[in-house]
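Taking it in order: structure first as C-alpha cells, then the write-up.
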2 protein chains.
Amino acid sequence: MPAEPGSVRPGGRTARVRAAVLAAAGDALAEHGMAGLDLADVARRADVGRTTVYRRWGSVPALVADLLEDMAEQSLPRVETGSLLEDLLANARLVRRTLVDPRQGALFKAMIAAAACDERTAAALHRFYAARIAEWAPCVDQAVQRGEVPPGTDAAEVVRAVSAPLYYRLLASGDPLDEAAALRCARAAAEAARAGVFVSG
Amino acid sequence: MPAEPGSVRPGGRTARVRAAVLAAAGDALAEHGMAGLDLADVARRADVGRTTVYRRWGSVPALVADLLEDMAEQSLPRVETGSLLEDLLANARLVRRTLVDPRQGALFKAMIAAAACDERTAAALHRFYAARIAEWAPCVDQAVQRGEVPPGTDAAEVVRAVSAPLYYRLLASGDPLDEAAALRCARAAAEAARAGVFVSG
DNA sequence: GCATTAATGGAACTGGAGTCCCTTTATGCC
DNA sequence: GGCATAAAGGGACTCCAGTTCCATTAATGC
C-alpha cells in the first residue's frame, strides 16, 4: 500500500514542482477562468511533465483545492482601529479589493465554482473561510468589551455578514463592487450587531 | 447565413425536445452535480438524439443558461404581511427552503458554478436575480410609505442584503442553512434599513 | 559520498466527448 | 391535403484529455 506521491520525499524537486504547478494554475485560472483550464496546459506553463500533474493532482477541482490550501496559509494581518465600524470597514475594503482585482477575483470565482462541483474542494474552501473569519472575529469581541455591541454577540456571524453581500454581487447579482458597496456592508453589519441581531441563543 | 436552429419552427417537436432536454438537464444536475454532467447523458435521459443537444446548446454552460432562462419565467408570488420584518422573513425563508432543497439547491449551485465559468451564463444569471429582486422590492417601498424605514432607501439593496448571507453559507463558508440563519438575515437587513444604511446618494 | 528508491519525464496508447454527413421526420404555409 | 424545408436522428469519424509503462533523475539516510 504505497503512500500519496510526494509525501515521502517532500523536499527539493517535489517542493519546486508543487510551487511551479500552483503558480501556473493560478495564472491559467486568472487568464482563461475555470472553464478553459486543462492540466496539460498547466503542466506546460509550469515546465513540468504532464504525467506529474495527473499523478499528483489528478483533476481540476483537486488542483484548485491544493491552491486554496496554499493560499489559506498566507493570512492577511487584521487592522485594529478602536471602533467596530472602522474595523469592519477595513475588512469590507480588503474583501472588495481582493474580489475586484483581476487575478484574485478570477481565482476566487474559479475556486467557488470548483467547490460547487466537488465535495473535497468544498471542504477545503470551508476551511479557508473558517480561517479568514477567525482572523477577524476578535474585532467584534473587542467591540463587545467596549460595550459597542451586546454581550453574547456571535463574532463570526458578524464577520460573515460583512463579506456576504460582496460575494453575492460577485457571483449572483453581478452588481458593481464599488467603494459604496463596501461601506454599506460594513455599516449594515455594524448596525445589525448593535441592535443585537447576532446575539446567539 | 442560417438562423439559430429552433428559431424558425419553434412549435411542436422543437418545443417538446427543448422541454424534455431541460427537464433531463435539471435531473442530471441535481443528481451528479455540475462536474459529472455531459450532454450525451442528458440526451439519453431526454430520449433525444445526441446530435440535437450538441447542435442546439453546444456546451454545458449554454444549456444551464437556457435552464435558467426557463426558471426565471416562473416567478414565485410575494407575500404581504404588513410589516417589513415579516415580509423580509418570508423572503429569507423562501430562499432558505430553495437552497436547502436537494434538487433546487444542487441546481442553484450548478448554475452559479456555470456562471463563474462562462460570461453568457453569468449574464443570464444576473437577469434571473434582477427579476427575483424586482419581485420583492415593493415590500421595502411599502415600508418606506408606512414610515418604517427612511425615504430614499434603495429597495433592491435591502432585498439583496437578505439573500446574500444565505448564498454565502451555501457557496463559501458551508455553515448550516437553518431557520435561525434565515431569521438573522431578515432581522439584520431590517435593522440596517431602519438605521438608514441603504439610503442611496 | 554512495546506495536506495521516490518522484519525475517522455512516449505510446486508449476511450469517449464532440463533430460531420446524410437520412428521416414532421412543422408551417399555401 | 400537399409541398418545401427546418429540425431531429443515427452512425461513422476525429481528436485530445487522461492513462500506462518504463527509463531517468535526484532526495533522503547511512
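Numbers restart at 1 for each chain; the letters A, B, ... are given by sequence-line order, proteins then strands. In this text, all values refer to a predicted model and were calculated from it rather than measured experimentally.
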Item to complete: Write down the distance between CH2 (B/W57) and P (C/dG18), rounded to a whole number of angstrom.
Response: 15 Å

Response to the item:
Of the listed D/dA8, C/dA17, C/dT8, the closest approach to the B/D38 side chain comes from C/dA17

Practice prompt. Would you mind reading off the distance between B/L63 atom CG and C/dA17 atom P, rounded to a whole angstrom?
Written response: 15 Å

Worksheet item: With distance as the sole test, does A/Q142 use its side chain to make a donor-acceptor pair with the main-chain N or O of A/G82 at under 3.5 Å?
Response: no

Item to complete: Quickly work out the A/R9 CZ to D/dT25 P distance and round it to whole Å.
Response: 15 Å

Discussion item. Side-chain N or O of A/R16 versus OP1/OP2 of D/dA27: is the shortest distance under 4.0 Å?
Written reply: yes

Discussion item. Whole angstroms only, please: what is the CZ-C1' distance between A/R56 and D/dT20?
Written reply: 19 Å

Practice prompt. Classify the nucleic acid contact of A/S7 as base, sugar-phosphate or nothing, counting any heavy atom under 4.0 Å across all strands shown.
Written response: sugar-phosphate

Response to the item:
note: A/R13, atom CZ; D/dT24, atom P; distance rounded to Å ~ 14 Å

Worksheet item: Counting only side-chain N and O atoms of A/Y54, is one of them less than 4.0 Å from OP1 or OP2 of D/dT19?
Response: no

Item to complete: May I ask you to verify if any side-chain N or O of B/T51 is less than 4.0 angstrom from the OP1 or OP2 atom of D/dG9?
Response: no

Worksheet entry | Backbone of A/E135 reached by a side-chain donor or acceptor of A/R78 within 3.5 Å | yes

Worksheet item: Going by the angle between their ring planes, with limits at 30° and 60°, are B/Y167 and B/Y129 parallel, tilted or perpendicular?
Response: perpendicular

Fill in: Approximate separation, where rounding is to 0.5 Å, of A/E191 CD and A/R187 CZ
7.0 Å

Worksheet entry | Nearest-angstrom distance from the residue atom CZ of B/R50 to C1' of C/dT19 | 11 Å

Discussion item. Please classify the nucleic acid contact of B/R55 as base, sugar-phosphate, or nothing, using heavy-atom distances under 4.0 Å.
Written reply: base

Item to complete: Measure from the side chain of A/V8, starting at C-beta and using heavy atoms only, and say which of D/dG10, C/dT8, C/dA7 lies closest.
Response: C/dA7

Worksheet item: Which part of the nucleic acid, if any, lies within reach of A/G6 when heavy atoms closer than 4.0 Å are counted: base, sugar-phosphate only, or nothing?
Response: sugar-phosphate

Worksheet entry | Separation of A/R56 CZ from A/L39 CG (nearest 0.5 Å) | 13.5 Å

Fill in: Residue closer to the 5' end of DNA chain C, B/R44 versus B/G12 (nearest nucleotide)
B/R44

